[in-house]
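Comments concern the structure below.
Hydrogens, waters and symmetry mates play no part in the numbers below; they use all other heavy atoms, side chains included.
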Amino acid sequence: MAQFLTRRGFNQQMMSHILAFSFWETVLLQDMIANPLKPITDRWANQLNEMCSDLRTNTLSPSQWQDQLEELFQQLAFEEVLRMIDFDRLSKGFVYPDLGVNTKVVRFPKLAGLPDRLAFYPKIFGMKKDRAIIPHGHKNMASAHLVIKGEFALKHYDKVREEANHLIIRPSIDKVLTVGEASSISDEKDNIHWFRATSDVAFTFDVIVLDLNDRQYEIDNIDPYAAENLSGGLLRAPKLDVQEALRKYGK
């Protein structure tokens, strides 16, 4: 009887070891499958922060930053971007305004090498069909915008010069922007933009760098529909306050 119990105990112990090994092997395998690109994701996020830091210190010019950031957006699998910004959580219960757009701040996960204080502000912008990020220009800031859901009609303009109540602008981009595509603005190139959602809902992931050259950022809303045609393809567009711009372009 004692011999039988010892053999049975031995067999049970061996089975326990086998099951434990199998369990941890499965856990490790699942972790590898769930995070196969983690080093790539970490490197991507650090590159993004370094580019924004270089823009702040003028190591990169604004137009160089735009070109390099739009390229960087294409270097990470789209699903990894959504996972990193936790888009499922951010979009759950999202409130879509009747005019214009709503935003939520993105909280990056703890990633190797990424500082707690980022050199940029990450956000998502979301809206319903036919709502818009109203046409507006920027001073002392740069931003890049990756479409992460839906579709937009996008217009950009270059700001040529500024008057007290008008901006002199030149059309530069007019196209449909779909999931995975990006655009950007800076004081050097494509400074004014205007997004209108053409799908039921639409979202962008935005990388925003404010107060460049140690100057506070400013925004000028404009009225392209009321613009005066000038020679050389230029437009003289009136400036609008936020409420008037939302009333005319937010829906």
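Counting only N and O atoms by type, the side chains of Glu181 and Thr178 include a donor and acceptor under 3.5 Å apart. If you check the side chains of Gln66 and Ser184, you find a donor sitting under 3.5 Å from an acceptor. A donor and an acceptor atom, one from each side chain of Tyr249 and Asn221, are nowhere located under 3.5 Å apart.
Dense packing is recorded around OH of Tyr96, with more than 12 heavy atoms of other residues, nucleotides or ligands lying under 6.0 Å away. The 12-atom threshold is exceeded at CD of Gln75, counting heavy atoms of other residues, nucleotides or ligands nearer than 6.0 Å. Crowding of Asp200 atom CG: a count of heavy atoms from other residues, nucleotides or ligands under 6.0 Å not exceeding 12. Heavy-atom contacts from other residues, nucleotides or ligands closer than 6.0 Å to NZ of Lys149 number 12 or fewer. The neighbour count for Asp98 CG, taken as heavy atoms of other residues, nucleotides or ligands under 6.0 Å away, is above 12.
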Test side chain to side chain contact (heavy atoms under 4.5 Å, CB included) on Phe73 and Trp44; report intermediate values, then the result. CA-CA 9 Å; Phe73 276 152; Trp44 185 90; 3.9 Å; yes
Asp116/Lys110 under salt bridge (Lys or Arg N to Asp or Glu O under 4.0 Å): CA gap, chis, key distance, verdict: CA-CA 8 Å; Asp116 292 332; Lys110 188 66 177 177; 2.9 Å; yes
Check the pair Leu82, Glu80 against side chain to side chain contact (heavy atoms under 4.5 Å, CB included), reporting the backbone distance first and the verdict last. CA-CA 5 Å; Leu82 295 183; Glu80 288 296 312; over 6 Å; no
After noting the C-alpha distance and the side-chain angles of Glu163 and Arg236, does the key distance pass the salt bridge (Lys or Arg N to Asp or Glu O under 4.0 Å) rule? CA-CA 9 Å; Glu163 299 175 349; Arg236 185 171 182 260; 2.8 Å; yes
Between Trp65 and Met51, does the side chain to side chain contact (heavy atoms under 4.5 Å, CB included) criterion hold? Intermediate values first, please. CA-CA 7 Å; Trp65 179 86; Met51 285 181 184; 4.1 Å; yes
I would like to know whether Asn191 and Ser186 meet side chain to side chain contact (heavy atoms under 4.5 Å, CB included); could you show each step before the answer? CA-CA 5 Å; Asn191 178 265; Ser186 77; over 6 Å; no
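Salt bridge Asp88/Arg83: absent, no basic N to carboxylate O contact under 4.0 Å. Ion pairing between a basic and an acidic side chain is recognised when a charged N comes within 4.0 Å of a carboxylate O; Arg56 and Asp211 show no such pairing. Using a 4.0 Å cut-off between charged nitrogen and carboxylate oxygen, Asp174 and Lys155 count as a salt-bridge pair. Look at Glu162 and Lys139 and you find a salt bridge, because one of the NZ, NE, NH1 or NH2 atoms lies within 4.0 Å of a carboxylate O, short of that distance. Salt bridge Lys159/Glu188: absent, no basic N to carboxylate O contact under 4.0 Å.
Looking at heavy atoms from C-beta onward, Ile192 lies out of side-chain contact with Ile185 at the 4.5 angstrom threshold. Contact of the Asn165 side chain with the Pro238 side chain is not registered, since no non-hydrogen atoms from C-beta on lie closer than 4.5 Å. Counting only heavy atoms from C-beta outward, the side chains of Arg196 and Phe152 never approach each other to under 4.5 Å. Using a 4.5 Å heavy-atom threshold, the side chains of Asn213 and Asn58 count as touching. Considering only heavy atoms from C-beta on, Ile169 stays 4.5 Å or farther from Leu234 through its side chain. No side-chain heavy atom of Val147 sits under 4.5 Å from any side-chain heavy atom of Phe205. Here the side chains of Thr204 and Leu146 are not in contact, with every heavy-atom distance at 4.5 Å or above. Ile85 is not listed as a side-chain neighbour of Pro122, based on a closest heavy-atom distance of 4.5 Å or more.
The closest donor-acceptor contact from the side chain of Asn49 to the backbone of Leu118 lies at 3.5 Å or more, if one exists at all. With hydrogens and angles disregarded, no donor-acceptor distance shorter than 3.5 Å links the side chain of Arg247 to the backbone of Ala245. At least one donor-acceptor pair closer than 3.5 Å links the side chain of Ser199 to the backbone N or O of Glu151. Between the side chain of Ser172 and the backbone N or O of Asp190, no donor-acceptor pair lies under 3.5 Å. A distance-only check finds a donor-acceptor pair linking the side chain of Gln64 to the backbone of Ser61 [under 3.5 Å]. At distances below 3.5 Å, at least one donor-acceptor pair connects side-chain atoms of Asp241 with backbone N or O atoms of Gln243. No donor-acceptor distance shorter than 3.5 angstrom exists from the side chain of Asp130 to the backbone of Lys251, with no hydrogens or angles considered. Although no hydrogens or angles enter the test, the distance criterion places a donor-acceptor pair under 3.5 Å between the side chain of Gln74 and the main chain of Gly180. Although no hydrogens or angles enter the test, the distance criterion places a donor-acceptor pair under 3.5 Å between the side chain of Thr57 and the main chain of Ser53. Remark: side-chain polar atoms of Asp54 are not paired, donor with acceptor, to backbone N or O of Leu60 under 3.5 angstrom.
Rounding to the nearest 0.5 Å places CG of Leu167 at 5.0 Å from CG of Asp220. Summarising the geometry, atom CG belonging to Leu55 is positioned 9.5 Å from atom CG belonging to Leu69; distances are rounded to the nearest 0.5 Å. Expressed to the nearest 0.5 Å, how far CZ of Arg131 lies from NZ of Lys128 amounts to 4.5 Å. Between the CG atom in Asn102 and the CZ atom in Phe125 there is a gap of 9.5 Å [rounded to 0.5 Å]. Here the OG-CG distance, from Ser143 to Leu210, works out to 9.0 Å after rounding to the nearest 0.5 Å. Here Leu76 contributes atom CG and Thr41 contributes atom OG1; the two are 5.0 Å apart, rounded to the nearest 0.5 Å.
Met141 and Ile134 are not part of a single hydrophobic cluster, where members link through side-chain heavy atoms under 4.5 Å apart. Hydrophobic clustering of Ile, Leu, Val, Met, Phe, Trp and Tyr side chains at less than 4.5 Å, counting indirect connections, keeps Ile208 apart from Trp194. Put simply, Ile168 and Ile173 are part of two different groups of oily side chains (I, L, V, M, F, W, Y) that touch within less than 4.5 Å, one to the next. Ile219 and Leu99 are not part of a single hydrophobic cluster, where members link through side-chain heavy atoms under 4.5 Å apart. Taking hydrophobic clusters as Ile, Leu, Val, Met, Phe, Trp and Tyr residues chained together by side-chain heavy-atom distances below 4.5 Å, Val242 shares a cluster with Leu240.
Every residue two or more places apart in sequence or in another chain that forms a ring pair (Phe, Tyr, Trp, His ring centres under 6.0 Å) with Phe87 is listed here: Phe203.
For the residue pair Leu235 and Pro171, the shortest heavy atom distance occurs at CD1-CG, 4.1 Å. Pairing each heavy atom of Leu114 with each of Ala45, the nearest pair is CD1-O, 3.6 Å. Contact record, Ala182 with Leu177: O-CD1, 4.1 Å, taken as the closest heavy-atom pair. When all heavy atoms are compared, the tightest approach of Cys52 to Val209 is SG-CG2, 3.8 Å. Between Arg170 and Val160, the shortest heavy-atom contact is NH1-CG2, 3.8 Å. Nearest heavy-atom pair across Ala226 and Lys248 is CB-NZ, 4.3 Å.
When each of His136, His193, His145 is tested with His156 by the rule ring pair (Phe, Tyr, Trp, His ring centres under 6.0 Å), just one qualifies, namely His193.
Taking the six-membered ring where tryptophan is involved, the planes of Phe108 and Phe120 are perpendicular, since the angle between them exceeds 60° and thus also 30°.
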